[in-house]
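If you're wondering where the values come from, they're calculated on a predicted model, not measured in any experiment. First the proteins, then the strands, lettered A, B, ... as listed; each starts at 1.
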Amino acid sequence: MLLIDLARTSAAVAADSARLAKIRHLADLLSRVEPHEAEIAVAYLSGELPQRQIGVGYASLRELPDPRQIASATLTEVDDLLSRIKAQAGPGSQAARKELVAQLFRSLTRQEQSFLLRLLGGELRQGALNGVMIEAVAKASGVPAAEVRRALTLRGWLPAVGAAALVGGVEALRSFHLEVGRPVAPMLAQSAPNLPAALLKLGGPGALEWKLDGIRVQTHRSGDRVRVFTRTLDDITAQVPELVEAALGLHADDLVLDGEVIAVRPDGRPEPFQVTAGRVASKLDVERLRETTPLRVFFFDALRVHGKDMLDLPDAERHAALEQAVPSDLLIPRLVTADPDEAATFYSDALRRGHEGIVAKSLTTPYAAGRRGAGWIKVKPRHTLDLVVLAAEWGHGRRQGKLSNLHLGARDPETGGFVMLGKTFKGLTDDLLNWQTEHFLTLATGPSDEWVVPLRPELVVEIAFDGVQRSPRYPGGMALRFARVLRYRPDKPPTEADTIETVRSLLL
DNA sequence: TTCCGACAGTGGGGTCGCAAT
DNA sequence: ATTGCGACCCCACTATCGGAA
């Protein structure tokens with residue numbers, strides 16, 4: 001099959017807003033693909049590469065060679081070149097990758113170049129990724145979508161699952177099982193604004209667990225072999241020896257557990273997320289790091305214990321098996337209660353000990369791998385500040401032509417100026433985007449055709465955020481975590497905006 | 001007919017490792 | 001030594017479609 005066929009399909013998918021039409025376009029192409037190119041086609045049209053990453057991003061695609069006129073590149077040819085690009089390493093590798101990228105793009109027409117540029121840049125922008133592709137694979141292969149979904153949660157990689165369905169049908173999908181050593185898509189949580197709302201959403205008796213601000217870890221053990229995977233199914237076994245040892249210390253030797261690792265201080269309190277993330281990301285001299293920045297693991301779910309798969313069992317049964325297999329000092333604190341007061345006490349205790357919040361869990365839901373199911377509801381405290389908009393950036397994609405990303409500043413009473421604390425583009429409705437684009441242009445103090453438009457610091461905006469963290473990037477040495485817009489405060493003059501001291505008092 | 005779950009899109013801050021400067 | 005880049009960790013929120021109620 002030719003790359004141009006995929007590029008045309010992608011354009012058709014982007015042109016139709018209806019999901020069912022997108023599915024039709026994708027299924028139509030998939031039903032024509034040769035078996036040996038099925039995985040490539042599923043990957044490209046869902047925004048993935050069979051190689052996963054190849055070390056090429058938008059920055060290395062800034063200048064491209066002229067396109068050719070006649071399309072002739074096959075999927076196999078493109079895939080081979082991407083593999084060669086990925087294989088480059090060591091001194092001279094950047095130049096070698098650049099030359100191979102140029103060679104690849106020289107062989108493509110304008111439409112193919114545009115498609116591959118978006119694919120490699122990680123922004124396909126055709127309104128279809130995994131979710132739509134699952135349906136398209138089902139349609140093209142004549143297999144129920146539920147079978148595709150089930151196989152995907154167990155395999156975690158749609159190109160492989162899609163190719164299996166297209167080539168081998170439902171029998172091929174049935175051969176996917178929970179396999180120790182191969183990660184499963186982790187279950188995700190929905191969120192609620194506060195504890196009563198979370199309990200209401202749960203609808204019945206539930207369990208509360210601490211929510212730790214660390215790294216999600218799916219731990220597999222078969223005999224004396226242990227593998228640890230992150231939320232995106234990357235293998236971090238080598239970076240977390242404490243966890244490997246903890247898993248080997250358990251008496252069950254055929255298991256898959258879900259949990260969180262955090263770096264802890266000598267007094268047992270959690271380190272800030274930045275410290276945990278740095279520790280887990282670091283691959284050099286792990287033995288030294290574990291002395292200076294030790295990790296602790298807290299398990300909260302069991303997908304398999306003593307060789308028995310538990311994904312489909314209710315939470316309460318999985319947790320009972322977890323308690324059997326894991327000593328209490330490796331378990332996340334948990335309270336089963338229907339009493340709102342007890343729940344509130346548990347929540348405030350978790351916060352007092354420095355944790356991020358709690359997760360409320362239904363006792364009856366199965367482990368919904370890969371889904372953001374209503375069985376888990378997270379609750380975190382929310383802070384707000386009134387800040388001043390210092391500048392705005394032009395948006396991309398569906399926000400093209402709109403001033404989107406806000407630069408936020410707190411008042412500095414010493415100088416009478418403002419100190420930037422970060423940016424946000426979240427929480428804006430389309431109406432608000434339109435209004436702010438128009439209004440900001442009247443406040444601009446610089447050219448409005450630059451990417452960043454500086455503004456007179458006159459508009460106050462109420463911002464919600466999760467916390468203040470240390471920042472090497474901003475002048476105040478602090479930045480807001482997960483900042484989002486709540487509302488504009490045209491009634492409030494910038495002289496009454498919150499001060500940098502107020503922000504500093506929130507930095508732990 | 002209305003409601004709501006799932007999905008895609010738009011990006012945020014931080015850290016590490018690696019190659020190039 | 002410093003810088004640029006890619007990859008990955010954490011993530012919130014809105015708009016939209018289409019099946020469920």
For this session: Could I get the full list of salt bridge (charged side-chain N to carboxylate O under 4.0 Å, His left out) partners for A:Lys423, not counting sequence neighbours?
Result: A:Glu393

For this session: Kindly indicate whether the side chain of A:Val148, heavy atoms from C-beta on, has any atom under 4.5 Å from the side chain of A:Val143.
Result: yes

For this session: Tell me which of A:Gly422 and A:Arg398 sits closer to the 5' end of DNA chain B, going by the nucleotide each one is nearest to.
Result: A:Arg398

For this session: Describe the nucleic acid contact of A:Arg97 in one word from base, sugar-phosphate, nothing, applying a heavy-atom distance below 4.0 Å.
Result: nothing

For this session: Could you list by number each residue of residues 120-139 of chain A showing a heavy-atom separation from DNA chain B of less than 4.0 Å, or answer none if no residue does?
Result: A:Arg125, A:Gln126, A:Gly127, A:Ala128, A:Leu129, A:Asn130, A:Gly131, A:Val132

Exercise. Counting side-chain heavy atoms from C-beta on, which of B:dA20, B:dG11, B:dA6 comes nearest to A:His396?
Worked result: B:dG11

Exercise. When all nucleic acid strands are considered with a 4.0 Å heavy-atom cut-off, which category describes A:Ile54: base, sugar-phosphate, or nothing?
Worked result: sugar-phosphate

Exercise. Closest to the A:Asp430 side chain: B:dG14, C:dC10, C:dA15?
Worked result: C:dA15

Seminar exercise, completed: Quick note, A:Lys378 side chain, CB onward, closest among C:dC11, C:dG4, B:dG14 is C:dC11

For this session: Name the pairing partner of C:dC17, where a pair is Watson-Crick or G-U wobble with both distances under 3.5 Å, or state none.
Result: B:dG5

Exercise. For A:Lys86, does the NZ atom sit with more than 12 other heavy atoms under 6.0 Å from it, leaving out its own atoms?
Worked result: yes

For this session: Ignoring the backbone of A:Phe273, work out which of B:dC16, C:dC11, C:dC10 is nearest its side chain.
Result: C:dC10

Exercise. Looking across every strand, which nucleic acid part, if any, lies under 4.0 Å from A:Lys22 by heavy atom: base, sugar-phosphate, or nothing?
Worked result: nothing

For this session: For A:Ala277, answer base if it contacts any base atom (sugar-phosphate contacts may also be present), sugar-phosphate if it contacts only those atoms, and nothing otherwise; contact means non-hydrogen atoms under 4.0 Å.
Result: nothing

Problem set entry | Euclidean distance, atom CZ of residue A:Arg149 to atom P of B:dG5 [Å, nearest integer] | 15 Å

Seminar exercise, completed: Quick note, A:Phe482 side chain, CB onward, closest among C:dC10, B:dA19, B:dG14 is C:dC10

Problem set entry | Nucleotide of C:dC17, B:dA19, C:dA12 approaching A:Gln94 most closely (side-chain heavy atoms) | B:dA19

Exercise. Among B:dC16, C:dA12, B:dG13, which is the nearest nucleotide to the side chain of A:Ala281?
Worked result: B:dC16

For this session: Check every strand shown and say whether A:Ser471 touches a base, only sugar-phosphate, or nothing at a heavy-atom separation below 4.0 Å.
Result: sugar-phosphate

Seminar exercise, completed: Ranking B:dG17, B:dG12, C:dG18 by distance to the side chain of A:Asn405, first place goes to B:dG12

For this session: Nearest-nucleotide wise, let me know which of A:Ala89 and A:Tyr474 is further upstream toward the 5' end of DNA chain B.
Result: A:Tyr474

Exercise. Which pair of non-hydrogen atoms, one from A:Met187 and one from A:Thr365, has the smallest distance, and what is that distance?
Worked result: CE-OG1, 4.5 Å

For this session: Could you please name the option among C:dC10, B:dG12, B:dG14 that lies closest to any side-chain atom of A:Arg231?
Result: C:dC10

For this session: For the pair A:Arg279 and A:Thr293, evaluate side-chain hydrogen bond (donor to acceptor under 3.5 Å, both in side chains) and give the outcome as yes or no after the intermediate values.
Result: CA-CA 7 Å; A:Arg279 162 62 214 270; A:Thr293 317; over 6 Å; no

Exercise. What is the nucleic acid contact for A:Ser404, judged by heavy atoms within less than 4.0 Å: base, sugar-phosphate only, or nothing?
Worked result: sugar-phosphate

Problem set entry | Validation row, ring centre A:Tyr488 to ring centre A:Trp435 under 6.0 Å | yes

For this session: Nearest-nucleotide wise, let me know which of A:Gly427 and A:Thr230 is further upstream toward the 5' end of DNA chain C.
Result: A:Thr230

Exercise. Counting any heavy atom closer than 4.0 Å, what does A:Thr424 reach on the DNA or RNA strands: base, sugar-phosphate only, or nothing?
Worked result: nothing

For this session: With A:Arg399 as the cation and A:Trp394 as the aromatic partner, state whether NZ or CZ is under 6.0 Å from the six-membered ring centre and within 45° of the axis.
Result: no

For this session: Classify the nucleic acid contact of A:Lys426 as base, sugar-phosphate or nothing, counting any heavy atom under 4.0 Å across all strands shown.
Result: base

Seminar exercise, completed: Quick note, A:Pro91 side chain, CB onward, closest among B:dT10, B:dG14, B:dA20 is B:dA20

